[in-house]
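Keep in mind that the numbers below use all heavy atoms, side chains included, and drop hydrogens, waters and symmetry copies.
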Amino acid sequence: MKFTAEQIAGILEGEVVGNLNAEVSKLSKIEEGEEGSLTFLANPKYINYIYTTKATVTIVNDSFIPEQEITTTLIKVEDAYAAFSKLLHFYNQVKLNKNGIEPQSFMSEGTKYGENLYLGSFSYIGQNVVLGDNVKIYPNSFIGDNVVIGNNVFIFAGAKIYSETVIGNNCTVHSGVIIGADGFGFAPNENGEYSKVPQIGNVIIEDNVDIGANTTIDRATLGSTIIRQGVKLDNQIQIAHNVEIGKNTVIAAQSGVAGSTKIGENCMIGGQVGIAGHLTIGNNVRLQAQSGVARNIKDDEVLQGTPSLGYTEFNKSYVHFKNLPKIVAEVQELKKQIINPKNGNNG
């Protein structure tokens, strides 16, 4: 799909300096720009590239005044970085705006769906499913019975949404995500074996939630596992049964949250963090990467380490840890002097 400089300037409320009809069909970095591409200049470190770039159109700040001859058509805006981000969002919407039901997909009778549905090939829609407007379900996806999905939701290829799951509006579920699989519930019996505890709850995903590729969110034993509004989950995260994550909390890749833990609002959790079960994590908590959490955490705490310590306390302790070989050597030397005082320095 091609756009002219004039059309792009209209979207960004910018001013064209150069060829209004210059056409672009792809995006590029300014240093890798080529004919037919659109790029941007926001960081002054890259200003030299604007005189050599082969990009057809470049978005720049209003304040930019070229000091040499340039061949690229300029679109001047108030904030080039913000404008390019807006354009990326627009481009993504256009690229992903598929419609229609493709062959070899299956939809159970009684499915209710809104306008502009896209259902990719080899996808399955179970019984009593309700889909809102502008739902896009990509190939090889599974939507179980009694699932409810709101408006403007993307379910990318290969995602699996188990029965009774509820997903709100403006959510994105990436490839390989599994929502609503059984929680890890087993009870020991008299034979020393483990008997499965039926997991009969569900998962509720509120509005504006993004779930990264291959992340799993288990259904509750009873009640619901709940992901609140605005939560962003990275790839390869494990959320166990009956967990609740407060609104606008973000969690980085390879983290795991054990069952029945409640995480507050506006938390930032780094990669490979492990959180034990049945805990309460307060609001505005920061957990540094690879932290291990085994206790309740109050609001506004910043923790690091395994088991996790206060962030400042951890850094002070780490200084001593790095110096351990030196400290051990000094202790050994002191021991020698105590055992053999003649070897010491007696002045």
Side-chain angles (χ1 to χ4, degrees), residues 1-99 115-116 118 133-136 138 151-154 156 169-174 207-213 229-235 247-250 252-253 266 268:
M1 186 176 295
K2 293 184 177 181
F3 295 91
T4 66
E6 186 175 28
Q7 289 172 323
I8 295 167
I11 295 169
L12 301 179
E13 300 179 356
E15 175 192 359
V16 177
V17 180
N19 182 4
L20 290 170
N21 297 315
E23 289 187 333
V24 295
S25 59
K26 53 190 172 183
L27 305 174
S28 68
K29 299 179 182 179
I30 192 168
E31 66 270 28
E32 298 173 359
E34 55 187 38
E35 188 174 346
S37 70
L38 169 72
T39 189
F40 76 107
L41 173 65
N43 190 331
K45 289 169 58 177
Y46 291 87
I47 196 167
N48 289 337
Y49 288 111
I50 200 166
Y51 302 112
T52 59
T53 186
K54 295 180 181 178
T56 300
V57 177
T58 303
I59 300 169
V60 297
N61 292 328
D62 283 334
S63 58
F64 174 71
I65 299 175
E67 298 177 353
Q68 305 174 33
E69 183 180 353
I70 57 174
T71 59
T72 183
T73 290
L74 302 180
I75 297 178
K76 289 193 169 187
V77 295
E78 183 176 347
D79 184 331
Y81 186 80
F84 193 73
S85 297
K86 178 180 178 180
L87 199 62
L88 286 175
H89 182 71
F90 175 81
Y91 173 80
N92 212 36
Q93 284 185 318
V94 171
K95 183 178 71 172
L96 299 175
N97 189 28
K98 295 189 173 186
N99 291 293
E115 298 178 351
N116 302 318
Y118 169 65
D133 295 334
N134 304 309
V135 172
K136 313 298 179 184
Y138 282 75
N151 301 322
N152 309 311
V153 173
F154 290 89
F156 283 100
N169 302 315
N170 308 311
C171 293
T172 299
V173 177
H174 282 282
D207 296 347
N208 304 311
V209 170
D210 283 64
I211 304 172
Q229 177 179 339
V231 167
K232 310 300 180 187
L233 301 178
D234 199 357
N235 304 331
K247 69 179 183 180
N248 299 324
T249 284
V250 295
N266 304 305
M268 297 179 68

Sub-3.5 Å donor-acceptor pair from the side chain of [X] to the main-chain atoms of [Y], do we have one?
X	Y	value
Lys76	Phe64	yes
Asp210	Lys232	no
Asn61	Ser63	no
Tyr51	Glu67	yes
Asp234	Ala253	yes
Glu32	Lys29	no
Ser37	Ala55	no

Is it the case that atom NZ in Lys86 sees more than 12 heavy atoms from other parts of the structure closer than 6.0 Å?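 It does: Lys86 NZ has more than 12 such atoms within range.
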Count the heavy atoms of every other residue, nucleotide or ligand shown that sit under 6.0 Å from CD of Gln93, and state whether that count exceeds 12.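 Count over threshold, so yes.
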Begin with the C-alpha distance, continue with both residues' side-chain angles, and end with the deciding distance and a verdict on side-chain contact (heavy atoms from CB on, under 4.5 Å) for Asn235 and His174. CA-CA 9 Å; Asn235 304 331; His174 282 282; 5.6 Å; no
Nearest 0.5 Å please: distance from the [atom1] atom of [X] over to the [atom2] atom of [Y].
X	Y	atom1	atom2	result
Gln68	Ile70	CD	CD1	10.0 Å
Glu23	Gln7	CD	CD	8.0 Å
Glu6	Ile75	CD	CD1	10.0 Å
Leu88	Leu38	CG	CG	9.0 Å
Asp207	Asn170	CG	CG	6.5 Å

Which heavy-atom pair separates [X] from [Y] by the least distance, and what is that distance?
X	Y	answer
Glu34	Ser28	N-OG, 4.4 Å
Thr249	Asn266	OG1-N, 3.3 Å
Thr56	Ala22	CG2-CB, 3.7 Å
Glu115	Asp133	N-OD1, 2.8 Å
Thr73	Ala5	CG2-CB, 4.1 Å
Asn208	Cys171	N-SG, 3.8 Å

Checking side-chain hydrogen bond (donor to acceptor under 3.5 Å, both in side chains) between Lys136 and each of Asn152, Asn99, Thr172, which is the one that passes?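 Output: one option passes, namely Asn99.
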One pair to check against side-chain contact (heavy atoms from CB on, under 4.5 Å): Asn169 and Asn151. What are the steps and the verdict? CA-CA 5 Å; Asn169 302 315; Asn151 301 322; 3.7 Å; yes
Could you check if a side-chain atom of Tyr138 sits within less than 4.5 angstrom of a side-chain atom of Leu96, using non-hydrogen atoms only?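 A side-chain contact exists here, since the closest heavy-atom pair is under 4.5 Å.
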ring-ring contact (aromatic ring centres under 6.0 Å, His included) with Phe84: which residues, sequence neighbours excluded?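 If we apply the ring-ring contact (aromatic ring centres under 6.0 Å, His included) test to Phe84, skipping adjacent residues, the hits are Phe40.
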Between Ile50 and Ile30, is the side-chain contact (heavy atoms from CB on, under 4.5 Å) condition met? List the steps. CA-CA 7 Å; Ile50 200 166; Ile30 192 168; 4.1 Å; yes
What I want to check is whether the side chains of Thr53 and Thr72 have a donor and an acceptor closer together than 3.5 Å.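 No, no side-chain donor-acceptor pair sits under 3.5 Å.
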